[in-house]
Amino acid sequence: QVTLVASGGGLVQDGGSLRLSCAASGGSFVNYAMGWFRQAPGKEREFVSSISWSRSDIYYRDSVKGRFTISRDNAKNTVYLQLNSLKPEDTGVYFCAAKWGITIETGRIDYWGQGTQVIVSS
């Protein structure tokens, strides 16, 4: 059974940093893109960032470019998201996801992890 376990969320002040991790287990993730979505209170879930198995295809939503950095360790089946210069509008539940292909941004997600809460206070 495939499981994605996210961690690393927390409460930080405006301008602070966090590092999210998502460890996958229970299957092979070769050729799976991994990444993150987030959902703010009262809003729809939105794409944040994605990285392909080869790491050659990396995508970010515009509002986080230059502040967030995604990476992955294939030996550990783990994807990371470094969140710097956090803003209150980054507040939300961050969900990790895995999908066959080069990006998780479009199409049906194959596997979802549980969320990890990020709260940025002003």
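Both backbone and side-chain heavy atoms feed into the values below; hydrogens, waters and symmetry mates do not.
- No side-chain heavy atom of Thr91 sits under 4.5 Å from any side-chain heavy atom of Val118.
- Ser49 places a side-chain N or O within donor-acceptor distance of the main-chain N or O of Tyr59, the cut-off being under 3.5 Å.
- A heavy-atom distance below 4.5 Å is not found between the side chains of Phe37 and Tyr94.
- Cluster annotation: Phe95 and Phe68 are assigned to distinct hydrophobic clusters (Ile/Leu/Val/Met/Phe/Trp/Tyr, side-chain heavy-atom contacts under 4.5 Å, transitive).
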Next item on the list: With side-chain contact (heavy atoms from CB on, under 4.5 Å) as the test, would you mind laying out the steps for Ile104 and Ile109 before giving the verdict?
Entry: CA-CA 7 Å; Ile104 65 167; Ile109 296 297; 3.8 Å; yes
Note to self: Run the side-chain contact (heavy atoms from CB on, under 4.5 Å) test on Leu20 and Gln82 for me, step by step, so that the C-alpha distance in whole Å, both residues' side-chain angles and the decisive distance to 0.1 Å come before the verdict.
What the structure shows: CA-CA 6 Å; Leu20 307 184; Gln82 179 68 40; over 6 Å; no
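- Between Ser17 and Asn84, the shortest heavy-atom distance links the atoms OG-OD1, 3.0 Å.
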Notebook entry, point to check: Between Thr69 and Tyr60, is a side-chain contact (heavy atoms from CB on, under 4.5 Å) present by the stated rule, with each step listed?
Noted result: CA-CA 9 Å; Thr69 303; Tyr60 299 96; 4.0 Å; yes
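- Counting all heavy atoms, side chain and backbone alike, Ala98 lies closest to Met34 at CB-CG, 4.1 Å.
- Taking the side chain as every heavy atom from C-beta outward, Arg61 and Glu46 approach each other to under 4.5 Å.
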Next item on the list: Any chance you could lay out the side chain to side chain donor-acceptor pair (under 3.5 Å) test for Asp14 and Ser122, step after step, and finish with the verdict?
Entry: CA-CA 5 Å; Asp14 191 350; Ser122 58; over 6 Å; no
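- Put simply, OG on Ser121 and CD on Gln13 are 5.0 Å apart, with the number rounded to the nearest 0.5 Å.
- Atom-to-atom distance recorded for Ser54:OG and Ile102:CD1 is 8.5 Å, nearest 0.5 angstrom.
- Separation of atoms CG (Leu18) and CG (Leu11) is listed at 9.0 Å; rounding is to 0.5 Å.
- The environment of CD in Glu44 is sparse: at most 12 heavy-atom neighbours from other residues, nucleotides or ligands sit within 6.0 Å.
- Nearest heavy atom pair, residue Leu83 against residue Leu81, reads CD1-O, 3.0 Å.
- Not a single donor-acceptor pair under 3.5 Å links the side chain of Arg38 to the backbone N or O of Val93.
- Looking at heavy atoms from C-beta onward, Glu105 lies out of side-chain contact with Lys99 at the 4.5 angstrom threshold.
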Next item on the list: Run the numbers on Trp36 and Phe47 for side-chain contact (heavy atoms from CB on, under 4.5 Å), then give the verdict.
Entry: CA-CA 7 Å; Trp36 301 86; Phe47 168 76; over 6 Å; no
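- Closest non-hydrogen pair, Cys96 versus Leu4, comes out as SG-CB, 3.7 Å.
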Using a 3.5 Å cut-off and no angle test, enumerate the donor-acceptor pairs between side-chain atoms of residues 72-80 and protein atoms at least two apart in sequence or in another chain.
residue	atom	partner	partner atom	Å
Arg72	NE	Asn74	OD1	2.7
Arg72	NH1	Tyr32	O	2.8
Arg72	NH1	Ile51	O	3.2
Arg72	NH1	Ser52	O	3.3
Arg72	NH2	Tyr32	O	3.3
Arg72	NH2	Asn74	OD1	3.4
Asp73	OD1	Ala75	N	3.1
Asp73	OD1	Lys76	N	3.3
Asn74	ND2	Trp53	O	3.0
Thr78	OG1	Lys76	O	2.9

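- Taking OG from Ser63 and CD from Glu89, the interatomic distance works out to 8.0 Å, rounded to the nearest 0.5 Å.
- Heavy-atom minimum distance, Val30 versus Trp100: O-CZ3, 3.8 Å.
- Other residues, nucleotides and ligands contribute over 12 non-hydrogen atoms within 6.0 Å of the CD atom of Gln114.
- Comment: Lys65 engages Asp62 in a salt bridge, judged by a side-chain N to carboxylate O separation of less than 4.0 angstrom.
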